[in-house]
Amino acid sequence: MNKRGEFSSSIGFIMAAAGSAIGLGNIWGFPSQTAKNGGAAFVLVYLILAFIIAYPALMAELIIGRHANSNPVGAFQKIKGGKFFIPAGYLGLLVAGLILSFYAIVAGWMIAYIFEPVFSSLGMEALASWSKSNEISRNLIFTTIFYVLTILIISGGVQKGIEKWSTRLMPALLLIIVSLSIYVMTLDGATEGLRAYLLPDFTRVFEPALLVSAMGQAFFSLSLGVGTMLVYGSYISPKENLSRLGIYVTLADVFIAFLAGLMIIPAIYVAAANGAEIFDEAGNLIEGGTIVFQAIPQLFTSMGIMGMPLSIIFFLLMSIAALTSSISMLEVPVSFAVDNLDKNRNIATWVIGAGFWLISVIIILNFDRLFDFIIDFTTKFSQPLLGLIFCIFIGWVMNRNEILKELEKGFPDARYSMFFKIWRFFVKVITPLLILGVFIHSLV
Ligand code: TRP
């Protein structure tokens with residue numbers, strides 16, 4: 001049996017789990033959703049839902065994971081009453097990989113945009129415009145680069161791979177976001193963007209579309225519903241207080257999303273002030289993806305000589321965020337291969353990574369047919385479904401005393417705490433009902 005890894009410290013875990021949570025979903029998804037859904041009103045709803053839906057579901061995964069000391073399949077095999085849930089564990093492994101297969105394509109675009117200004121400044125105009133194009137060769141190459149980086153980190157294991165990289169990359173990320181948002185504030189048009197971001201239009205708070213997007217965003221953003229947080233939970237030392245670690249991760253995720261909004265929303269308005277087409281004729285924001293790939297590069301171009309290094313930094317930031325997330329996706333099936341099939345970690349990582357890379361290649365070759373389909377299947381269908389199953393398992397099937405014993409390892413007063421009473425009620429009733437709400441909506 002291969003020895004299972006463990007995070008060396010709570011900081012190591014927090015960095016790794018926050019690195020998983022913080023990704024393209026925060027830095028690009030959250031700001032563009034905010035802009036589309038009434039600015040500050042969306043921010044407010046998102047903050048509330050992150051704590052009443054995502055945090056309870058996150059705790060469910062962390063507790064199940066550390067208690068079973070295993071991956072999603074192994075956890076359901078080990079915990080009493082879990083037999084019936086094993087297929088859900090397998091679905092988690094598959095969905096984690098499928099999320100990786102589209103995420104790596106988007107991350108590849110980010111890497112391409114790091115190189116674009118480099119090529120262009122070296123006078124290699126053909127290569128520069130190829131980097132910006134949507135050609136198959138360009139997508140294949142940059143997606144493959146992203147896979148190799150992900151695989152190299154994951155094959156290193158928990159302390160050498162995941163933890164080492166996350167602890168280095170996360171602070172760099174924070175620094176870059178803060179500096180860029182301060183820089184953006186000095187530009188024309190930024191104040192208008194700031195207003196849109198921070199002054200809520202309260203009439204929109206209860207709009208069903210806004211509620212649903214905010215809920216989905218919270219769910220995706222905390223990496224829930226595929227077993228990522230369950231596996232990371234299994235690497236936490238028994239000494240640690242899980243409820244506190246969970247809160248830190250939730251706070252870090254929400255905080256970075258908020259900061260990213262502070263950088264990107266004003267940047268969008270600055271680009272508009274510089275003549276970029278940000279709004280359509282009706283005055284609504286153009287779709288999220290277009291904003292990042294048109295307005296942001298235009299913003300950098302308009303900066304003159306400073307634009308090139310800043311553009312490189314910005315897309316480096318996006319790539320780093322994507323990498324600390326993608327490693328958490330690949331880790332789910334890899335941990336299954338290591339725990340349950342007793343495979344060598346290095347070999348398992350390359351084989352499984354190659355398998356999902358092949359799926360990415362198939363998606364790239366059939367982009368129009370498959371790309372949106374895979375995103376919808378994984379994020380709108382599977383993630384809410386599996387999140388719901390984890391909540392039902394811990395709320396209604398798993399023995400209450402077993403849960404308490406697990407929590408008490410690092411939190412001796414858990415049994416009598418407000419945390420336990422409130423969380424238990426949420427995970428049993430409120431959170432499943434709310435997730436069910438998203439799920440039903442996504443089917444309609
Ligand atoms: N949360 C990450 C983001 O916001 C993406 C992510 C990482 C993820 N691991 C996941 C999403 C597992 C769903 C499931 O970009």
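This one's a predicted model, so the numbers in the text were calculated from it and none came from an experiment. All ligand and atom numbering here is 1-based and tracks the order in the structure. Keep in mind that the numbers below use all heavy atoms, side chains included, and drop hydrogens, waters and symmetry copies.
Each of the following atoms of ligand 1 lies closer than 4.0 Å to a heavy atom of S325: 2 (C), 7 (C), 9 (N). If you number the atoms of ligand 1 from 1 as listed, the ones under 4.0 Å from a heavy atom of S328 come out as 7 (C), 9 (N). With ligand atoms numbered from 1 in the order given, ligand 1 contributes 12 (C) to contacts under 4.0 Å with heavy atoms of T228. Near S221, meaning under 4.0 Å from any of its heavy atoms, are these atoms of ligand 1: 1 (N), 4 (O). Interface of N26 with ligand 1, defined as ligand atoms under 4.0 Å from a residue heavy atom, comprises 4 (O). With ligand atoms numbered from 1 in the order given, ligand 1 contributes 3 (C), 4 (O), 15 (O) to contacts under 4.0 Å with heavy atoms of G25. Residue-ligand proximity, I99 to ligand 1, at heavy-atom distances under 4.0 Å covers atoms 13 (C), 14 (C).
Looking at Y103 against ligand 1, only its side chain comes within 4.0 Å, counting heavy atoms.
In summary, the aromatic rings of F142 and W130 are positioned with their centroids under 6.0 Å apart. The aromatic ring centres of Y197 and F258 sit less than 6.0 Å apart. Checked against a 6.0 Å centroid threshold, the rings of Y113 and F314 do not count as neighbours.
For the residue pair Y232 / S20, no side-chain donor-acceptor distance below 3.5 Å is found, with atom types taken as modelled. Donor-acceptor pairing under 3.5 Å is lacking for the side chains of T228 and S223.
Of the polar atoms of A21, at least one N or O is found under 3.5 Å from an N or O of ligand 1, judged by distance alone. Ligand 1 has an N or O atom lying under 3.5 Å from an N or O atom of L24, backbone or side chain. Annotation: F220 places an N or O atom under 3.5 Å from an N or O atom of ligand 1; distance criterion only. In terms of N/O distances under 3.5 Å, ligand 1 is not approached by Q383.
Note that CD1 of I327 is 12.5 Å distant from CD1 of I151, once rounded to the nearest 0.5 Å. From M59, atom CE reaches atom CG of L245 across 8.0 Å, with rounding to the nearest 0.5 Å. The CD1 atom of I430 lies 11.5 Å from the SG atom of C391; values are rounded to the nearest 0.5 Å.
At distances below 3.5 Å, at least one donor-acceptor pair connects side-chain atoms of Y55 with backbone N or O atoms of S243.
Scanning all protein heavy atoms for the shortest distance to atom 7 (C) of ligand 1 gives S223 OG, 3.2 Å.
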